[in-house]
Amino acid sequence: MPMQKHTRLILGLVCLLVAVWLVAPTLVVIPMSFNANKSLAFPPVGFSWQWYENFLTNPDWSSSFFNSLKVATLVAVLATVLGTLAAFGLDRMRSATASGILRMLLITPMVVPGVVLAIGIYAVYLDAHLVGTLGGFVLAHTILAIPFVIIAVSANLEVFDKRLETAAASCGAGRLTAFRTVTLPLILPGILSGLLFAFVTSFDEIIVALFISNPYLKTLPVQIFTSITRDADPTVAAVGTVLFLATSLVIAGGLLLGNRRRKS
Amino acid sequence: MKSTLATAAAKGAAIDIVSAIKRYGAFTALDDVSLHIEPGEFMTLLGPSGSGKTTTLNVVAGFTEITSGELTVGGTSMVGVPAHKRNIGVVFQHYALFPHMNVGRNVAYPLTLRGVGRAERERRVARALDMVKMADFAHRYPSELSGGQQQRVALARAIVFDPPILLMDEPLGALDKKLREWLQLEIKRIHRELGTTFVYVTHDQEEALVLSDRIAVFNHGRIEQIGTGRQLYDEPATLFVGKFIGDSTVLRGEARVSGEETAITIAGETVTTRRRIADGARPVMLLRPEKLSLARPGAGAGGRNRLSGEIAEAIYLGSGSKYEVRLRDGSTAIVRSPLEAESFAIGDAVSLCFAERDAKLLADDDQADLILT
Ligand SMILES: Nc1ncnc2c1ncn2[C@@H]1O[C@H](COP(=O)(O)OP(=O)(O)OP(=O)(O)O)[C@@H](O)[C@H]1O
Ligand SMILES: [Mg+2]
């Protein structure tokens, strides 16, 4: 049945409304970042680049940004390697019950309330002198990121045709070679999305980070949080805008790449 | 010694399976299977579903280890040798092409693994694709090919490294009849050209007859008989084989053995043959449709075995006719008569005639009926 003109119109309006509702809170940040005054009031007054300048030059901001980048990159790599191996192992376990229990265990960090986990990690880190260290951050965030990788890779392994590995063996490929040349390329989409999830999980993680930060090492979310609780610094808005644009670009690029690959 | 090995590698290797047993827990999938396959032979494993054909093939390929027994290929024991070191080509029913590689790279894959140089690799890939008539498709991806085309590519991938043995597990199972018949001839041609030992699995007896030098008939994890198609058809060793290969009529009745003669009485009529089988077994007669003839009751040659019945179905085949005759005891006989023979209509009362020498006497086996129906 062809859609009537006014039904179409209503549908379009509703979609627009939902879209605005979803994006508006993010978009509000953009004008605020150009505020001429040191206030987070909306609507902003005047226009200036000073908060962007502050973000780049103030060591508090730039170092926390680079800390986050460093931690997230290391976490993404580590969690992806470990998570992929774990997903593969779970997939190949003989006993379905054992595999199910192990999977549940590995995914708990995603389900357990962040504060509970944070307190536990903090307690251990105090003794182990890991508070405020790069290694401490990477370790804690990897625990949080591994479940995302396991879920993404498992979804791909589920649809992967294991008989292709048998075919590879008949062609002369040992198990490792078969994994590298057949399994890996075919589950790569899952691994890549796991990598992205892991990166993002670490990059915007705040609960655990609040506990294990110290003045020498803090991540961007911690810096944003402390700055906004101390004073109404519009640098927060500038940082938000930069992150918003960066993630939009990455996702748009990813979508474009995916489209191109599917076509070729 | 060295030179014979080299020619064996190029020409096809012998396979010897000796007393192979494969158990899955309490279930015995292969029950004392012994099979010798000559170098360059086309051997077909034929049998109903679950009879152990795939298991046997997997044992040779190295995907499954036997619980006990011996397996040698070209005189070398393969027990414990992993699949990827056996140098055996395998074609699967489900094609199993690598979806992320195009046809050319799929076929080149075994050569890449063997470190074959680029120029040589391209030459051999082209030759293999030529052989399966897929040379124009090298740049396509598997998802862009039909089932028949994919299976030809899979065949090219399995022969490109000149394995001495090629295993095929119902490679044409998913294709329609026309394509299947054409590919059967292609496979036969490739077998002739390569001289490789082919082991082919199917549950289609016609396909087995078209392709094979010899056929091993499987049933319940055992081999019932090994022989050429003609041997299996003319001299079945068991009732199961007789019923599985070709059409057949089984006459079951009260059996009486006197000297070298066996008589079977079916609903008051007695037929005889100058054969006998081992004491203790219940004999049945197996008759091929073209060895049976029909006559009006009372007419026709005397002195032959005769049973009365009624035409239940008459089918005109062009080259002749096929009749189903309901015998007095309710069982059905299948008769093929040539064009020039008298024709009958459904409901006609007839005499079913056959010569003594055409009746095969076999031991009864109720299992044979169970599996085939
Ligand atoms: N991994 C396994 N675990 C338990 N039983 C198995 C396993 N693989 C096969 N079997 C059993 O072994 C028997 C023989 O199986 P096989 O696959 O060899 O049959 P097949 O002759 O190839 O039949 P089909 O024509 O249906 O392919 C079957 O009864 C099957 O259920
Ligand atoms: Mg099978």
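Letters go in sequence order (proteins before strands), and every chain restarts at 1. These numbers come from a predicted model, not from an experiment.
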| task | Examine whether an atom of B:Ile88 lies under 4.5 Å from a heavy atom of chain A, and if so say whether it belongs to the side chain, the backbone or both; otherwise answer neither. | result | backbone
| task | Give, for atom OH of B:Tyr109 and atom OG of A:Ser170, the distance between the pair rounded to the nearest 0.5 Å. | result | 9.5 Å
| field | chain A-proximal positions within residues 53-73 of chain B [heavy-atom distance under 4.5 Å] | value | B:Phe63
| message | With a 6.0 Å cut-off (strictly less than), is the heavy-atom count around CG of A:Leu176, excluding the residue itself, greater than 12? | response | no
| query | Mind checking which of residues 119-134 of chain B sit less than 4.5 Å from chain A, heavy atom to heavy atom? | reply | none
| field | chain A contact via B:Leu97 - side chain, backbone, both or neither, heavy atoms under 4.5 Å | value | backbone
| query | Should B:Phe92 and A:Thr166 count as side-chain neighbours, where that means a heavy-atom distance under 4.5 Å? | reply | yes
| request: Look up atom NE2 in B:His84 and atom OG1 in A:Thr177, then write down how far apart they are to the nearest 0.5 Å. | output: 7.0 Å
| Segment of B:Arg114 engaging chain A (4.5 angstrom heavy-atom cut-off) | side chain
| message | What's the separation between atom CG in A:Leu164 and atom OH in B:Tyr95, rounded to the nearest 0.5 Å? | response | 14.0 Å
| Has A:Arg92 got more than 12 heavy atoms of other residues, nucleotides or ligands less than 6.0 Å from its CZ? | yes
| So how far is it from A:Leu186 CG to B:Met101 CE, rounded to the nearest 0.5 Å? | 8.0 Å
| query | Within a reach of under 6.0 Å around CZ of A:Phe197, are more than 12 heavy atoms found that belong to other residues, nucleotides or ligands? | reply | no
| Sequence-distant partners of A:Asn156, side chain to side chain donor-acceptor pair (under 3.5 Å), two or more places apart | none
| request: Sequence neighbours left out, what passes salt bridge (Lys or Arg N to Asp or Glu O under 4.0 Å) with B:Lys85? Give chain and number order. | output: none
